[in-house]
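Throughout, protein chains are lettered first and strands after them, A, B, ... in sequence-line order, and every chain is numbered starting at 1. Note that the structure is a prediction, hence the values are computed from the model and not measured.
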Amino acid sequence: MRDLWLAYKMRWKRRRLLFRAWRKRRQLESVADRTGLVGSGHLLLFSTVRNELARLPFFLDHYRGQGVDHFLIVDNDSDDGTTAYLEAQPDVSLWRTSESYKRARFGMDWLTVLQARHGHGHWCLTVDADELFIFPHHDECRLDDLTRWLDQQGRRSMGAIMLDLYPKGRLSDVQYQPGQDPTEILQWFDRGNYETRFQPALNNQLVRGGVRSRVFFAADPARAPTLSKIPLVKWDRRFVYVSSTHSLLPPRLNRVRPEQVPDIVTGVLLHTKFLHMVIGKSLEDKNRKQHFENGELFREYYNGLIADPTFWTASSVRYSGWQQLEDIGLMSGGGWRSGQTATSNGGGPVGGKD
Amino acid sequence: MSVGVVMLVHGDLARAEQVARHWSENGCPVVIHVDRQAPKKAFAAVQENLADLSNVAFCARHRVEWGTFSLVLATQSASTLMLERFEDVRHVYLASGSCLPLRPVEELVRYLAERPKTDFIESVTTRDVPWTIGGLDVERFNFRFPFAWKRHRRLFDSYVGLQRRLGVRRRVPDGLTPHLGSQWWCLTRQTLSAILEDPRRKEYDRYFSRVWIPDESYFQTLARLYSTRIESRSLTLSKFDFMGKPHVFYDDHLQLLRRSDCFVARKIWPHAEKLYANFLSADLARLGATEPNPGKIDKIFSKAVERRINGRPGMIMHSRFPKEGYEKGHTSAPYSVFEGFSDLFEQFEDWLADTTGTKVHGHLFDPDRVEFSGRQSVYAGALSDSARLRDYNPKGFLTNLIWNTRGERQCFQFGPRDNQDISWLIATDPNAQVSVISGAWAIPLFSSNKNFSQIRKEAARLQRIESDHLDILKSIYTKARVRVWTLADFLASPMEPLQMILDEIGPRNTRRLTAAPKMVDLDGFGQFLQNLKNQGMQPQLMGDFPAGPEFPDHKNRPQRPYLVQ
């Protein structure tokens, strides 16, 4: 009975969010609409950006290399040339808006509009400009191999952990050059200080911890940023992200783990926030107060970043590829490729195969 | 005499074409059935590309749907054409578009030529099949299945349910005994033509057209009527995962496939460039007359299955978060919890680390900070020593620590002064070895410099906490290896319990313990307890302590600890 009530509430919440996004549809002004290029079965990427000129070249290359066919990007009032740069890309459709990021549910309202309009029936990746999505075997196969397999498995969504990468020294020690692979500078991460809990309302897991929790939120761990995300979804126009890409509705999409003990395929979003630019950006964000529900609480966090901290400790681990992350448990193959799928039932006939 | 290959193709046509060419150029006639749902253009392209090969033919196309009779129809058409068109074919090998020959074709030809009368078809009665997944075994033959499982799952399921309730039983045509087996067979011309030209074929076809997954039973059943010699096994290596889906082979399986010595394997991932390049190359290693041996790689697969079914115990993450009660334990490796030992012995941590070679922490759940070994502020996996971070999710903290330090046994101190939220996890974890000296928490109070009224209050509090904790350890849900001694019992003969604990920790400690760690001075402790009693607080957990000024010598009275399992 309670489940029914919860399902009912969530259904209305989903409708409310969709309606809210629909009302904001006019906030988006089309700069370059190349969505005519999108064919059936294409893989789409959605993102909201603001002053990301330095990161974008590598960002686009990374995802093009993985087989993303088209980028749908909302530019929130950039003034560093981001707009012109994106407009010139042949596989980018660009919208711009100067409305409040915070009041648009941190950009999600805008993306919801675009996803409903263009994402229906496509596998959609929704990421920030500082997030590089990787998954097991990403060096040998492309995203569409993965999504085809997910289709076969009957899965519509795939989870990923946001993994904060940081440099060995101070954040400002090395200057990032546009086009450079950020993981050349940000080589280190926290291996095993993540905590997971289950949220029944949205049927999702909440993973928190990592370096930001360790350095900035030891006094108030409940405020530490959530790291669990569901960036890859086979979209339907009735879907909507709830808070950033941490959870979405309907709740069944949040079930990125199996009911019982085995693990299921997940990826990692390499979070490359902590390049030298973050210091300037934090200063700006702190004053714009557009990034967190309760800006005041995050003043300390921003101050911490502005102070150019060192995250590295002797327990930090140097990033060396997906195999390492899978070994540690930060991502999981869960039946996707390699010798982890087979049974030794003598090759007999079974009910239920491809 | 040669071997003809019947290929059923629906997906990746380019790969199928490549394999067909390989068979054909090595002297094997090929008949290809392409699913009618495949795009016209792609089909035309394949036809054109293979036009230069005279021993390749295409048969009439059917619309194939998995689990239905259409697959049998396709096989029948292709086989009929094969037998008509290529007269000197003696064995017909049924393969799919994602099958890949693993050994030189000539070896397969020779192998079959040496066994001219043998049909290789896995064929067993339903009673003997343990491997059907999803519960449909005998019912495959007794029920009707008019609905496609893939498209109309609900109808399919409810119709099966209905037939179950009604107790439907179809009449199997006279003379047939239903047999099941792998869809991929290799039959002799004699057997195959007998099946195809059977005067009662219409009747059989009608029956099988409503059987569930007839491609796994049609030829398997009928072959029993005509074959003079059945080898009940498939020459095609195919593996199924625990969901009943066929296992897909990727480039990483190259060595594995080589070792199997099988002639053909499926399914191969269409983009497995390395596999195709390797096994279709002309200079593939000759194995001579080696028998196929799929069993050789079974061990590797069963290990993988184990991992696939259970995940990695003790790893908690986004991808793995077992529901409460779904998993036997909570952690990934054995660890030891010591309660009261560091109160009773001086420098107990150092002594334990030296004697056992394990990693020994202080009170990990101390209310002020996490006392990691060496009091490091950041420990394995960048765990912070902040008590707040730990207390936000104490269970996660412990599972993380054990997971992060796999391969090195962890020991830590625990007591009633610590965060007790962890009690249930430890008690219900088979990996935990818990050793308790109950009442030892009174020793620091005894040597403290506080007012007696404060001490009395604190003693009452600690006693209550430890008593609750011991109740948990003694509960019926406890899976940890728990040993509890009262302080008095332990003092009577400290060496024996210590030896027992250390023996259990590791084989490294085969030596007998010669020296116990140094005990704190307990002169006057009995009197201290008596004082507590006099003030109205009843210290129980320490056991029987004489009130005298001196601690009596119990050395000649060995005591056995009691074991709670």
Side-chain angles (χ1 to χ4, degrees), chain A residues 137 140-141 145 152-153 159-161 190-198 205 207 209 211 213-214 217-222 228 256-257 259-266 313-317 329-332 334-335 337-354, chain B residues 66 129 131-134 136 180-183 213 216 234 237-242 244-247 250-253 256 271 294 298 300-302 304-305 307-312 315-323 326-327 378-384 386 388-389 392-393 396 400 403-404:
Chain A
H137 302 277
E140 296 169 333
C141 49
D145 297 324
Q152 276 171 19
Q153 303 283 311
I161 286 288
D190 280 14
R191 165 166 68 100
N193 50 5
Y194 302 88
E195 62 99 18
T196 310
R197 54 188 67 206
F198 180 65
Q205 272 130 288
V207 179
V211 63
S213 194
R214 165 164 69 83
F217 294 92
D220 196 356
S228 45
V256 294
R257 73 177 200 301
E259 272 281 82
Q260 300 180 4
V261 278
D263 38 6
I264 214 162
V265 65
T266 49
T313 74
S315 301
S316 300
V317 176
L330 287 168
M331 66 160 71
S332 179
R337 302 206 45 174
S338 100
Q340 291 178 24
T341 3
T343 64
S344 55
N345 58 13
V350 280
K353 44 184 191 180
D354 67 328
Chain B
W66 178 80
V129 203
W131 12 259
T132 45
I133 291 177
L136 293 171
L180 283 173
S182 165
Q183 176 190 356
I213 322 186
E216 287 181 353
S234 173
L237 171 77
S238 70
K239 291 274 169 193
F240 289 87
D241 67 14
F242 73 112
K245 295 208 161 124
H247 179 64
Y250 301 96
D251 282 345
D252 353 359
H253 295 107
L256 197 79
H271 303 287
D298 273 353
I300 300 168
F301 272 85
S302 52
V305 174
R307 156 89 185 270
R308 190 64 196 104
I309 292 176
N310 291 327
R312 292 180 273 183
M315 188 198 87
I316 301 298
M317 239 309 142
H318 206 192
S319 56
R320 187 173 192 279
F321 193 68
K323 264 191 182 170
Y326 270 96
E327 193 166 28
V378 180
Y379 194 67
L383 284 167
S384 160
S386 149
R388 280 216 187 160
L389 275 180
Y392 187 57
N393 188 346
N400 273 344
W403 174 256
N404 290 347

B/N404 side chain vs A/G192 backbone, donor-acceptor pair below 3.5 Å: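 Yes, the answer is positive, given that a donor and an acceptor are paired below the 3.5 Å cut-off.
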N/O donor-acceptor pair under 3.5 Å between B/N400 side chain and A/E195 backbone: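 No: the side chain of B/N400 does not pair with the backbone of A/E195.
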Which atom of B/L389 lies closest to which atom of A/A218, heavy atoms considered: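 For B/L389 versus A/A218, the nearest heavy atoms are CG-CA, 3.7 Å.
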Heavy-atom closest pair, residues A/S315 and B/A380: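 Heavy atoms of A/S315 and B/A380 come nearest at OG-N, 4.0 Å.
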When A/S316, A/A219, A/G209 are compared by non-hydrogen pairs under 4.5 Å with chain B, the top option: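 If we count pairs closer than 4.5 Å to chain B, A/A219 comes out on top.
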Gap between atom OH of B/Y392 and atom CG of A/D220 - 0.5 Å precision: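 So the gap between those two atoms works out to 8.5 Å.
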Residue pair B/S384 / A/N193, side-chain heavy-atom distance below 4.5 Å: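 No, side chains not in contact.
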Which atoms of A/V317 approach chain B - backbone, side chain, both or neither, heavy atom under 4.5 Å: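 Neither part; nothing is under 4.5 Å.
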